[in-house]
Amino acid sequence: MSDISHEKGNPYLNPYLAGFLLGLTLLASFLILGTGLGASGGLARLTAWCGLCIYPEQVLESVYFGAWGDNPLNYYLVFMLAGIFLGGFVSALLNHRISVQTERGASYPAWKRLALALLGGVIAGFASRLARGCTSGMALTGTALLTTGGVAFLLATFAGGYVFAYFFRRQWHD
Amino acid sequence: MIETYFSANSLATANAFLVSLIIGVAFGWCLEQAGFGSSRRLAGIFYFRDMAVLKVMFSAVITAMLGLGFAFAFGVISPESLYVPETVLGAQILGGFIFGLGFMISGWCPGTAAVGVVSGKVDAIVFLVGAMLGSYVFNWFFPFIESWYVWGDRGVSYIYSELGYGFADFALLLTVVAVFAFWVSELIEEKFSFKMVAARNSGLWAFSVLILIAAVMVMAIGRSPISKYRVVETGIYASEVLQKVEAGKEHIEPEDVAREMLAGQKRIAVVDLRTRQEFDEWHIPGSVHANMSSLVQFLERYRSFDRIVLVSNGPVHPAQAWVVLQVYGFKNVMIMSEGLRGFFDRVLKPAALRMEALTPAEIEEIAHWRVMFLGSGMAVGSASPPGPGTE
């Protein structure tokens with residue numbers, strides 16, 4: 001297939017097969033844990049833990065992080081996030097796809113690309129708390145359960161991306 | 001029926017953490033295999049260059065949805081064993097829109113960036129640092145934006161019942177939409193050359209046929225006697241039901257409903273049976289809407305609750321529904337006496353407008369109810385199952 005040209009290592013798995021396997025993973029999570037998948041929740045817990053290390057009193061007194069108590073890492077999604085790192089690493093290693101790089105268009109400066117990655121990260125991190133989940137916890141899990149919020153989040157995510165995509169196209173120009 | 005860690009209330013145990021870790025490994029492996037350790041590939045969807053995000057996500061959604069459909073139909077798992085993320089429509093549309101902007105700008109989302117980091121992508125590390133900063137900023141601003149966070153709270157809400165479909169019919173419809181979207185994606189990637197799409201060996205023919213057959217099967221099973229909603233064999237005698245009616249045990253007073261909702265000690269679901277339009281105009285904060293025609297399926301998730309209270313304008317519809325629910329073995333269902341009219345007169349009506357003599361304690365309680373049910377409305381917990389927090 002044509003969509004492997006930019007990557008070193010083995011070609012990616014067929015997208016429908018990858019999606020099918022991802023769906024089975026989600027189904028296993030429903031049937032065993034009774035919950036769906038999630039990534040931003042674990043990340044937010046990690047953030048709260050970092051905050052506790054620096055400003056323990058302020059974080060414990062804050063309304064949102066404070067509700068997680070003094071050991072926010074004691075939560076299943078933190079372990080799931082650790083698993084994502086591990087599983088991704090094993091797959092990338094076995095398929096020779098690990099290479100240190102800043103992905104961008106060939107003619108785009110790396111520092112600008114990193115600045116956009118940081119900005120996008122701040123926005124996505126904030127928004128995932130507001131929406132109670134990210135692509136995994138809300139779009140994927142919520143839509144598979146056919147919840148109104150999951151479907152609405154998924155549609156709004158693509159709306160938000162497509163509305164502004166034109167203004168950020170240069171970072172991918174070769 | 002299998003019990004989940006969620007339904008056993010043991011999500012915070014070492015075993016659950018180990019299972020979460022293993023599921024996370026499978027999740028990360030799938031994302032990496034799909035090529036989601038690359039921001040260029042992820043961002044491709046926003047420029048119609050690479051539609052992998054749509055193909056993988058939609059395939060996963062359909063697979064898990066149909067798998068659950070089979071699991072429910074064969075009674076492998078009951079819906080109440082699942083944690084269903086609540087719908088807070090305003091927060092999720094606003095949050096989704098902003099999230100999409102961040103996703104597009106960076107080319108990452110939290111799960112894929114984790115895979116990007118272990119693939120050596122510097123931009124993924126920077127994204128995750130940013131996402132942590134963003135979470136911290138959210139915590140900082142939370143007291144100021146709390147009204148956004150609860151904007152449009154609808155509790156547990158399913159898109160198919162909002163649109164007037166049943167689960168299986170909607171699942172089939174969504175599967176057809178997915179197959180259509182897959183083929184359009186292939187066409188987009190090949191710049192609308194049908195010849196090139198036909199030459200691709202993407203396995204899409206097989207996958208399309210597979211999921212369409214599965215969706216039709218889920219629908220067929222849902223309509224056959226295998227489905228538990230068709231089986232009426234609960235061992236309940238008419239005389240038992242009628243005895244309860246005679247004893248008046250199926251009624252609960254509006255004041256008691258208000259007290260139980262506010263006390264928050266019992267798991268209580270207040271289910272509104274009026275039309276969606278009436279519900280949207282006003283409802284008891286914390287209550288959920290249900291369509292009369294799909295009530296039995298809808299209430300399955302509240303079967304283990306201490307109490308389900310049916311409300312409508314008056315008592316007739318709840319009373320009729322109550323009888324049907326007895327047949328299906330719901331032992332925790334009650335009807336709110338005098339319906340919402342009673343709730344207005346006996347809970348929400350200001351003390352000053354009441355004819356009867358009231359003690360100071362009663363006056364205070366009425367004032368408290370008015371603040372809680374008519375004030376911000378945020379103080380009353382949602383009637384949906386207490387979840388582990390949607391993240």
Side-chain angles (χ1 to χ4, degrees), chain A residues 3 12-13 15-16 18-19 21-23 25-27 29 33-35 38-41 44 47 64-65 76 79-80 83-85 87-89 91-92 98 100 102-103 114 117-118 120-127 129-132 134-136 142-144 148-149 151 153 156-157 160-161 165, chain B residues 4-6 17 20-21 23-26 28-30 32-35 39 46 50 52 55-56 59-61 63-65 67 83 87 92-93 95-102 104-106 109-111 114-115 118-120 122-123 126-127 130-132 134-135 138-139 142 157 159 207 390-391:
Chain A
D3 44 18
Y12 297 130
L13 200 61
Y16 303 107
L21 295 174
L22 180 56
T25 306
L26 178 55
L27 186 61
S29 185
L33 289 175
T35 73
S40 63
T47 310
Y64 190 77
F65 283 174
Y76 74 106
F79 291 82
M80 196 178 285
I84 298 172
F85 279 102
F89 179 71
S91 175
I98 299 178
V100 177
T102 300
E103 264 191 301
L114 291 179
L118 184 70
V122 173
I123 293 171
F126 180 89
R129 293 302 86 215
L130 179 60
R132 297 161 169 76
C134 62
T135 338
S136 330
T143 307
T148 310
V151 176
F153 177 85
T157 296
Chain B
T4 62
Y5 281 96
F6 168 67
F17 291 164
S20 303
L21 184 80
I23 286 172
V25 168
W29 187 89
C30 288
E32 207 287 331
Q33 286 289 324
S39 51
F46 295 114
D50 185 335
K55 294 181 200 172
V56 174
S59 302
V61 162
T63 303
M65 173 188 78
Y83 169 64
T87 292
Q92 281 152 353
I93 290 174
F97 192 81
I98 304 172
F99 184 84
L101 174 65
M104 182 274 299
I105 292 179
S106 60
C109 60
V115 174
V118 291
S119 305
V122 182
D123 44 323
V126 172
F127 170 88
M132 289 177 75
S135 306
F138 179 83
N139 180 51
F142 186 74
S157 157
I159 185 84
F207 189 63
T390 326
E391 282 156 36

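In what follows, chains carry the letters A, B, and so on, assigned in the order in which the sequence lines appear, proteins first and then strands, with residues in each chain numbered from 1.
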Next item on the list: Give the member of Ala34(B), Gly102(B), Gly96(B) that has the highest number of heavy-atom pairs under 4.5 Å with chain A.
Entry: Gly96(B)

Notebook entry, point to check: Distance from Tyr12(A) atom OH to Asp50(B) atom CG, nearest 0.5 Å?
Noted result: 9.0 Å

Next item on the list: Show the numbers, then the answer: is there a side chain to side chain contact (heavy atoms under 4.5 Å, CB included) between Leu130(A) and Phe99(B)?
Entry: CA-CA 9 Å; Leu130(A) 179 60; Phe99(B) 184 84; over 6 Å; no

Margin query: Walk me through whether Val122(B) and Val100(A) qualify under side chain to side chain contact (heavy atoms under 4.5 Å, CB included).
Written below: CA-CA 7 Å; Val122(B) 182; Val100(A) 177; 4.2 Å; yes

Next item on the list: Indicate yes or no: at least one non-hydrogen side-chain atom of Ile84(A) is less than 4.5 angstrom from one of Val115(B).
Entry: yes

Notebook entry, point to check: Is the backbone N or O of Ala44(A) less than 3.5 Å from a side-chain atom of Ser135(B), with the two atoms forming a donor-acceptor pair by type?
Noted result: no

Notebook entry, point to check: Is any side-chain heavy atom of Val118(B) closer than 4.5 Å to a side-chain heavy atom of Ile98(A)?
Noted result: no

Item checked: When Thr47(A), Ile123(A), Thr135(A) are compared by non-hydrogen pairs under 4.5 Å with chain B, the top option -> Thr47(A)

Margin query: Let's test your reading of the structure: which of Gly121(A), Ala92(A), Ala127(A) forms the most heavy-atom pairs below 4.5 Å with chain B?
Written below: Gly121(A)

Margin query: Just so I understand: if I count every heavy-atom pair under 4.5 Å between each of Ala124(A), Gly34(A), Gly149(A), Ala18(A) and chain B, which residue has the most?
Written below: Gly34(A)

Next item on the list: Quick one: pull up CG in Asp123(B) and OG1 in Thr102(A) and give me the separation to the nearest 0.5 Å.
Entry: 5.5 Å

Next item on the list: Would you check if the side chain of Asn139(B) reaches a backbone N or O of Phe65(A) as a donor-acceptor pair within less than 3.5 Å?
Entry: yes

Notebook entry, point to check: Taking the six-membered ring for Trp, are Phe126(A) and Phe138(B) parallel (under 30°), tilted (30 to 60°) or perpendicular (over 60°)?
Noted result: perpendicular

Note to self: To the nearest 0.5 Å, what is the distance between CE on Met104(B) and OG1 on Thr157(A)?
What the structure shows: 12.0 Å

Note to self: Only pairs of heavy atoms separated by less than 4.5 Å count here; which of Gly111(B), Ala60(B), Gly67(B), Ala26(B) has the most with chain A?
What the structure shows: Ala60(B)

Check: Checking Phe46(B) against chain A: side chain, backbone, both or neither under 4.5 Å from a heavy atom?
Finding: both

Margin query: Do Ser59(B) and Leu22(A) make a side-chain contact, defined as non-hydrogen atoms from C-beta onward lying under 4.5 Å apart?
Written below: no

Next item on the list: Please round to the nearest 0.5 Å and tell me the distance separating atom CZ of Phe153(A) and atom CZ of Phe97(B).
Entry: 12.5 Å

Check: Nearest 0.5 Å, what's the CD1-CE distance between Ile23(B) and Met80(A)?
Finding: 5.5 Å

Note to self: In terms of relative ring orientation, are Phe79(A) and Phe17(B) parallel, tilted or perpendicular, with 30° and 60° separating the classes?
What the structure shows: parallel

Notebook entry, point to check: Relative to chain B, which of Ser29(A), Ser136(A), Gly161(A) shows the most heavy atom pairs under 4.5 Å?
Noted result: Gly161(A)

Notebook entry, point to check: At their closest point, which heavy atom of Leu27(A) faces which heavy atom of Ala64(B), and how far apart are they?
Noted result: CD1-O, 3.8 Å

Note to self: Please check this pair: side chain of Ser91(A) against backbone of Glu32(B), looking for a donor-acceptor N/O pair closer than 3.5 Å.
What the structure shows: no

Notebook entry, point to check: What heavy-atom pair brings Ala156(A) and Ile93(B) nearest, and what distance separates the two atoms?
Noted result: CB-O, 3.4 Å

Notebook entry, point to check: Under 3.5 Å, is there a donor-acceptor pair between the side chain of Glu103(A) and the main chain of Ser39(B)?
Noted result: yes

Margin query: So Cys134(A) and Cys109(B), do their side chains get closer than 4.5 Å, heavy atoms only?
Written below: no

Note to self: If you define the side chain from C-beta out and look only at heavy atoms, does anything of Gln33(B) sit under 4.5 Å from Leu21(A)?
What the structure shows: no

